[in-house]
Amino acid sequence: MTTAVLTDHERAAVQAYLRLLHTVRAGFDAAPGPAGAPRPAIVPPSVLAEAEQALRAAGLAGNEEAFFRLLRDWCPAS
């Protein structure tokens, strides 16, 4: 396994993405709504905004390939 050394901005972007991912997963894991209808996943705007800002600060906005390569190297289980 490769060990990636991230800059502070890159680390913040990865951490913000992981928080966003866990928030979305938690929304999908929520109990069904009335009459068993599934609830839509709700992502608080602040969580999404934090992830977007962190990507911009790391210079990764619009460069998903580089970001996901960083994520894979730093946190392969995600």
Output side-chain donor-acceptor pairs under 3.5 Å for residues 57-67, partner residues at least two apart or in another chain, one line each.
{"from": "N63", "atom 1": "OD1", "to": "A66", "atom 2": "N", "distance (Å)": "3.3"}
{"from": "E65", "atom 1": "OE2", "to": "R69", "atom 2": "NH2", "distance (Å)": "3.4"}

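- With sequence neighbours left out, L20 forms a side chain to side chain contact (heavy atoms under 4.5 Å, CB included) with V24, V43, V47, L48, A51.
- Considering only residues two or more places apart in sequence or on other chains, Q53 meets the side-chain hydrogen bond (donor to acceptor under 3.5 Å, both in side chains) condition with R56.
- For residues 9-18, the set of pairs meeting the salt bridge (Lys or Arg N to Asp or Glu O under 4.0 Å) definition, not counting sequence neighbours, comprises D8-R11.
- With sequence neighbours excluded, the residues forming a side chain to side chain contact (heavy atoms under 4.5 Å, CB included) with R19 are Q15, A16, E50, listed by chain and number.
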